[in-house]
Amino acid sequence: PLATRAGMEILAQGGNAFDAAVAVSAALSVVEPYSSGIGGGGLWLLHRASDGFDTLVDGREYAPGAASATMYQDKDGNVIPRASMDGPLSSAIPGMPAALVYMAKKYGRLGLARDLAPAIKLARDGFPLDQRFHDRLVGKQALLQRWPAATAVVLDQGQVPAVGWLLKQPDLADTLELLAKQGDAGFYQGKRAQQMVDGVRAAGGIWTLDDLRQYKVVERKPLTGDYHGMHVVSAPPPSSGGVVLIEILNILSGYDLAHADPVQRIHYVTEAMRYAYHDRADYLGDPDFVQMPLRLLMSPDYAAGLRATILPDRATPSSALTSVSMPQLGNNTTHYSVLDKDGNRVSGTVTVNFSFGSCFMAPGTGVVLNDEMDDFSSKAGVPNGYGLVGNSANAIAPHKRPLSSMTPSFLETRDGIAILGTPGGSRIISMVLLGSLDFFDGGDARSIVSLPRYHHQYLPDVLEYEDGAFTDAQVAALQKMSYTLADHGHWGNMQAITWDYKTGKVTAAADPRGIGTGEVH
Ligand code: GLY
């Protein structure tokens, strides 16, 4: 809610959606550092209303220059458990600070200093610790306690503070102020860069000043698709999100889902997920490093070929597909959606990867560093922290971006638009898919974020569903079709906006599973 307030404050000051996105991202760094922050990265899908221009700002982290494909393996070639997840050796070079500077300058109206002001105030004055933050601290207390700087900032004398405790982050306020005053140089060069490199290296990491100095935001052309006339705009690689979403929708385009009975619909949607997640695992990585058959994967003809192999009454065993890697799970990361009065839009998904990222903070910086290196494949065939078994497309290389599942998206029909996205690792894509189908069926933002969810990602060959998503009769019918099912509680934290052109109504909604807020003024 405090990040939403920061965004609304900037809109009220005359900022546009892009200014608001910068303000929200920076505020999330302060109030939700377990999910995202300036020590991590993100992907921001932008729509400029004046000329209809869509673009993706890629502020994804990249690997340090000294990184190598085998850096998380011991001398016998075995992957060292958790080496790519804990401490500064797991941290890639942050992209978010550069992305905030870039967006404020190129697309914003108010200037970086004004956009960052609400976050700086939140960090300096503090805010009362909420239950969610408290629970995340409990989960990561032991890892945070390893690092004195992190311990001093987010713990109270080494212990998890009570809900309501005033959390002040003066070092983070100073870091954000340096960024506000000096732009990129305030973070990627000078005093802060030196502190981060010194802190990281003293604790076993491999960052250099050159790694920070050379980091660059990349602006990329979003991927587009069509589902029965609904225009889909989504994230290109280094995210797998847009490719997988569009491939699934292409497969589903050949079915009459509107008239299918619920079990039949779940079956087709699940089969389409299985095939597209299989391709994700096989082909995708950083586009600046690997060649990918994107046109093929997103072609309607290719989808038709896959559809022809789907039986109407039987699950396809994943073992029948060529053997490749397993995508990721996970629940961290953050999403927000912004629409301003001129129709500019932002769909922003931001992350430090696992909860509190690496749990490492370089002394004097206040910045929680990510553990995004775990989104790479540490060794072909060996699962990462989320169960990922990658191949060479997503192997570690110096200054390469790890493959993401973040799926910030826009949907456009003749009747309106939706802006949506969510955290949730590999489940991000299936959540955005279900939200997209709901929007197509007439759902507004509230309906999209509240939908019961289900997910299949090729491997493990299990159809996961949220409590209450399927009736007992549906579970039995799906089992009869040879599905293995698992009830996985709840997942995701979707934030969506819909705008109905006919009624003019704008709806902003936060996932009832989280603590966010949707505000319309
Ligand atoms: N770190 C999660 C993702 O980018 O998919």
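Read the numbers this way: they start at 1 and go in the same order the structure lists the ligands and their atoms. Remember, it's a predicted structure, so these values are computed and weren't measured experimentally.
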Checking heavy atoms under 4.0 Å, the part of Asp375 that sits near ligand 1 is side chain
In ligand 1, the atoms that come under 4.0 Å of a heavy atom of Ser405 are 3 (C), 4 (O), 5 (O)
* Could you tell me whether a side-chain N or O of Asp487 sits under 3.5 Å from a main-chain N or O of Gly489, the two making a donor and an acceptor? => yes
Hey, does Ser404 come in under 3.5 Å of ligand 1, counting only N/O atoms on both sides? yes
Practice item. Look at the aromatic rings of His399 and Tyr62 and report parallel, tilted or perpendicular, splitting at 30° and 60°. Key: parallel
Given the options Ser90, Ser358, Ser84, Asp374 meets side-chain hydrogen bond (donor to acceptor under 3.5 Å, both in side chains) only with Ser84
Quick look: Arg60 vs ligand 1, heavy-atom contacts under 4.0 Å, and the answer is side chain
Next on the checklist: Measuring centre to centre across the rings, with the benzene-like ring taken for any Trp, is Phe18 within less than 6.0 Å of Tyr107?
Outcome noted: yes
For Thr351, the ligand 1 atoms with a heavy-atom partner under 4.0 Å come out as 1 (N)
How are the rings of Tyr188 and Tyr215 set to each other: parallel, tilted or perpendicular (split at 30° and 60°)? parallel
